[in-house]
Amino acid sequence: MDTLHQAIEILRRYSIRPSHQRVAVMEYLIEHPSHNTADEVYDGLLSEMPTLSKTTIYNTLHLFKNSGAVSALHIGVEPMRFDSIIEPHAHFYCNVCHRIHDVDMDKELWQQVRHIVPDKAEELQILFRGVCAECS
Ligand SMILES: [Zn+2]
Ligand SMILES: [Zn+2]
């Protein structure tokens with residue numbers, strides 16, 4: 001399945017009306033699975049959609065987040081980042097290059113976390129911080 005149809009499918013699954021702009025934003029997140037900020041999505045889509053506004057991007061990403069179609073990652077004072085991978089995984093944040101790496105989580109470890117976190121937790125993040133191999 002190409003990313004366009006993947007994007008439409010995800011939106012439908014989360015009962016989000018697949019407007020042209022929403023599909024484009026979801027497609028961007030699938031093609032750039034690098035924990036994008038709203039600004040990065042905006043910059044990335046601007047050339048193909050010159051009428052796009054930052055507010056639209058911001059609202060669309062928050063709609064996705066609130067519907068569960070993307071996960072959100074909030075690191076300290078950094079702007080929120082959006083992740084098209086919604087399966088449980090942890091993150092490693094490099095204090096030097098500010099890159100975020102996905103870290104696979106043992107299912108059992110995740111279950112242990114789940115035991116002490118209510119089902120309706122707004123955010124569930126496991127974050128490691130430090131200096132990545134490239135920067136150290
Ligand atoms: Zn680094
Ligand atoms: Zn991630």
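Every number for a ligand or one of its atoms is a count from 1 in the order of the listing.
Geometry note: the Zn ion (ligand 2) is the vertex, His89 NE2 and His91 NE2 are the arms, and the angle is 90° (rounded to 10 degrees). Here Cys94 contributes SG and Cys132 contributes SG, and at the Zn ion (ligand 1) these two atoms make an angle of 110°, given to 10°. With the Zn ion (ligand 1) as the vertex, SG of Cys97 and SG of Cys135 span 110° to the nearest 10°.
Arg129 CZ: more than 12 foreign heavy atoms inside a 6.0 Å radius.
Residue His35 approaches the Zn ion (ligand 2) most closely through its N/O/S atom NE2. As for Asp83, its N/O/S atom nearest the Zn ion (ligand 2) is the one called OD2. Nearest to the Zn ion (ligand 2), among the N, O or S atoms that Asp102 has, is OD1.
Minimum interatomic distance between Thr56 and Thr60 (heavy atoms only, all atoms of both residues): O-OG1, 2.6 Å.
Taking the six-membered ring for Trp and thresholds of 30 and 60 degrees, His91 and His35 have ring planes more than 60 degrees apart, a perpendicular arrangement.
Residues Val70 and Tyr14 are not in side-chain contact: their nearest non-hydrogen atoms beyond the backbone lie 4.5 Å or more apart. Taking 4.5 Å as the limit, some side-chain heavy atom of Cys97 sits within range of a side-chain heavy atom of Cys132.
Residue contacts to the Zn ion (ligand 1): His98 brings no N, O or S atom closer than 2.8 Å.
For Phe82 and His62, the gap between ring centers is short of 6.0 Å.
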